[in-house]
Amino acid sequence: MIRTGIFFYYQQGERLRDFPRALEGILERENVFLYDAFYPLKAPSSFDLKPISAEILHQVHAPEMVEEVKRTGNYEGALFSASATVRAAEKIWTQEIDNAFVFTGYGDHHAGTDFFGGGCYFNGAALAMRELRKTFGAKRFAIIDTDAHHGDGSWEIFENNSDVLYVCFCPHPSSEKNNNINIQVPPRATDEGYLELVRRGFSSRIEGFRPEALFWNWGYDGTKGEYGDVGLTPDFHVLLAKELKAAAEKISQGRLIVVLCGGSRRDLARALIPRITDVLAGE
Ligand SMILES: [Zn+2]
Ligand SMILES: [Zn+2]
């Protein structure tokens, strides 16, 4: 039976206000495990999700940048967002779980080695890969980025690392550099058209690349009515989750880490996240 970890920490803000409550019926399953952290309201003893150290942060991000993030007032949220991704990866490697959904308050893909922006401060996937390399000797990873915007931070971090296949789907023209691949999404896409782009641009590539784990930078900001609207329906995300889960089972021992990225609507979060976690934890 597949074991799914849900990584959640308390945060303010509208979009995730219904969680973790909205995962009712999923969290109770015997193959689903909730790892949470509550700050700063609860006692430290309730922190199951431990923050990563400055030492780990500095393996990806410049110390001056980390100091700059501290001055934004969002450091704690950013730290726990990235920590959740790192802990999810560790628990997958130690076989406590098989796949994971990470609720982040602040995403990954606009955070580079010495810059940040667009609601991203630290690059959780990049940090997780460093940790997996150091602790477990893992080597090859693939990231699919289906947030509506270009992942400039991830692109910069991985462009000189051929052991990471980074495939970004966004409005930028298609390009390729050292296993960094950009795939252009048209301004008006259909669910089936986008899925076909994923099959050709990502699923077929990982067959040859053989990554040890898949990371999915999942944004729903490309959904109709969202701020990055490219015409996708809510169902698209569930179909993509099924596609990627199947790909992970075929290629990377089922290791799939879904990292929540862009999207602002609370109703869409409420509608989509339970369905995606249901796919992760399903047979
Ligand atoms: Zn891109
Ligand atoms: Zn975005």
Side-chain angles (χ1 to χ4, degrees), residues 11 13-16 74 77-78 81-82 85 101-113 115-126 141-162 164-189 191 193-203 205-206 214-234 236-237 240-241 244 257-269 272-273 276:
Q11 54 190 307
E14 263 308 289
R15 88 161 163 170
L16 297 179
N74 293 327
S81 292
T85 307
F101 186 94
V102 182
F103 284 89
T104 61
Y106 303 105
D108 278 33
H109 75 161
H110 296 308
T113 50
F115 63 91
F116 59 91
C120 301
Y121 297 95
F122 298 131
N123 201 301
F141 305 99
I143 308 182
I144 177 169
D145 184 340
T146 63
D147 183 278
H149 303 97
H150 180 58
D152 53 348
S154 299
W155 187 278
E156 182 256 353
I157 288 173
F158 299 122
E159 74 181 342
N160 296 314
N161 187 340
S162 57
V164 178
L165 174 69
Y166 173 62
V167 185
C168 177
F169 294 78
C170 74
H172 275 231
S174 297
S175 64
E176 186 165 348
K177 186 186 174 192
N178 202 22
N179 290 332
N180 269 18
I181 290 154
N182 203 80
I183 297 200
Q184 186 165 27
V185 175
R188 304 317 297 163
D191 293 355
Y194 196 124
L195 281 172
E196 194 46 40
L197 285 180
V198 169
R199 288 185 196 116
R200 274 187 288 146
F202 184 72
S203 310
R205 274 193 175 87
I206 55 174
L214 304 187
F215 289 79
W216 177 17
N217 274 9
W218 172 59
Y220 61 90
D221 49 355
T223 317
K224 281 179 189 160
E226 267 285 357
Y227 57 85
D229 186 343
V230 291
L232 298 169
T233 74
F236 162 78
H237 302 283
L240 183 54
L244 295 176
I257 300 170
V258 186
V259 182
L260 175 62
C261 292
S264 64
R265 280 172 47 183
R266 181 179 167 187
D267 62 327
L268 279 176
L272 289 173
I273 295 171
I276 287 178

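Remember, it's 1-based here, ligands and their atoms both numbered in the order they're listed.
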State whether a side-chain donor-acceptor pair under 3.5 Å links Asp147 with His149. yes
Taking 2.8 Å as the distance threshold, tell me the number of protein N/O/S atoms next to the Zn ion (ligand 1). 4
My understanding is that only residues two or more places apart in sequence, or in another chain, count here; which of them pass side-chain contact (heavy atoms from CB on, under 4.5 Å) with Arg205? Leu165, Glu176, Ile181, Ile183
Are His109 and Asn217 close enough that a side-chain donor and a side-chain acceptor fall under 3.5 Å? no
Describe, in one word, how the ring planes of Tyr106 and Tyr121 are oriented to each other, choosing from parallel (under 30°), tilted (30 to 60°) and perpendicular (over 60°). perpendicular
Would a distance-only check, ignoring hydrogens and angles, find a side-chain to backbone donor-acceptor pair under 3.5 Å from Asn179 to Ser162? yes
Do you know which N/O/S atom name in Asp147 is closest to the Zn ion (ligand 2)? OD1
Scan Phe215, Phe158, Phe141 and name whichever one has a side chain to side chain contact (heavy atoms under 4.5 Å, CB included) with Tyr166. Phe158
Can you find a side-chain donor-acceptor pair between Trp218 and His237 that sits under 3.5 Å? yes
Out of the N/O/S atoms in Asp221, what is the name of the one closest to the Zn ion (ligand 2)? OD2
